[in-house]
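Some notes on the structure that comes next.
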Amino acid sequence: MSVSERTYIMVKTVLTLVLFQPDGVQRGLVGNIISRFEQRGFKLVALKLVHATPEHLEKHYADLKGKPFFPSLIKYMASGPVVGMVWEGLDAVKTGRAMLGATNPLASAPGTIRGDFALAVGRNICHGSDSVENAEKEIQLWFPEGIVQYTADQAKWIFE
Ligand SMILES: Nc1ncnc2c1ncn2[C@@H]1O[C@@H]2COP(=O)(O)O[C@H]2[C@H]1O
């Protein structure tokens, strides 16, 4: 079992990283989106507001290094504070991505975060890990100190 694969009550849970871009922070959407994850039944296990360096962001977006928008993405992400958070839950990576909506807000369904709040691909509010393996790497990058371990009492009302 990998570090990010866990067991919570009798349910096998995973961790996912959600990273607010500067537009999500500046537009005051952090609280709304935290509420969506809480209301869905996910458990918050780490949270921080940071002004990330270009070097740190280059590591986070390493798989996009060859893309034409890579330099502007790094410059933009380093232009203001971002918020990193880690959520734990059943299929947290897949369901988190579904809650975010498509990368391009044009293709994001209403009801998703991008479908409700974004219009441009370069201002699409927040990033979500796209696989359990990448979540593990991203969580290690943003939270090298580790996540918080605790029991959420509401778990018995969410899982069978
Ligand atoms: N032209 C583009 N195509 C895709 N992603 C872009 C583009 N320009 C900026 N981005 C950003 O790059 C990010 C990479 O993956 P994310 O899901 O985090 O969301 C993406 C967008 O925020």
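Order of appearance sets the numbers: ligands from 1, and atoms from 1 within every ligand. Side chains are part of it too, since the values below use all heavy atoms of this structure and drop only hydrogens, waters and symmetry mates.
Of all the atoms in ligand 1, the ones that sit under 4.0 Å from a non-hydrogen atom of Tyr61 are 14 (C), 18 (O). Residue Gly122 has at least one heavy-atom neighbour below 4.0 Å for each of these atoms of ligand 1: 9 (C).
At a 4.0 Å heavy-atom cut-off, ligand 1 touches Leu64 through the side chain alone. Here Gln21 has side-chain heavy atoms under 4.0 Å from ligand 1, and that is the only part of it that gets that close. Looking at Val121 against ligand 1, both its backbone and its side chain come within 4.0 Å, counting heavy atoms.
Remark: minimum distance from atom 11 (C) of ligand 1 to any protein heavy atom is reached at Leu73 CD1, 3.7 Å. Among protein heavy atoms, atom 19 (O) of ligand 1 sits closest to Asn124 ND2, 3.2 Å. Scanning the protein heavy atoms around atom 4 (C) of ligand 1, the nearest turns out to be Phe69 CZ, 3.6 Å. Counting protein heavy atoms only, atom 17 (O) of ligand 1 is closest to Arg114 NH2, 3.5 Å. Closest to atom 18 (O) of ligand 1, if we only count protein heavy atoms, is His127 ND1, 2.9 Å.
For the ligand labelled ligand 1, residue Arg123 lies outside the 4.0 Å heavy-atom shell. Not close to ligand 1: His60, with no non-hydrogen atom less than 4.0 angstrom away.
When every heavy atom of Leu29 is checked against every heavy atom of Phe20, the shortest pair comes out as O-CE2, 4.0 Å. Between Gly101 and Arg114, the shortest heavy-atom distance links the atoms O-NH1, 3.1 Å.
The backbone N or O of Thr103 lies less than 3.5 Å from a partner atom in the side chain of Asn124, making a donor-acceptor pair. With hydrogens and angles ignored, the 3.5 Å screen pairs no side-chain donor or acceptor of Thr16 with any backbone N or O of Gly96.
Between Phe37 and Trp87, the ring-plane angle classifies as parallel under the 30° and 60° cut-offs.
Salt-bridge check for Lys59 with Glu138: failed, with every basic side-chain N at 4.0 Å or more from each acidic carboxylate O. The pair Lys12-Asp91 does not meet the salt-bridge criterion, since no charged nitrogen lies less than 4.0 angstrom from a carboxylate oxygen.
Heavy atoms of other residues, nucleotides or ligands lying less than 6.0 angstrom from CZ of Arg36 number more than 12.
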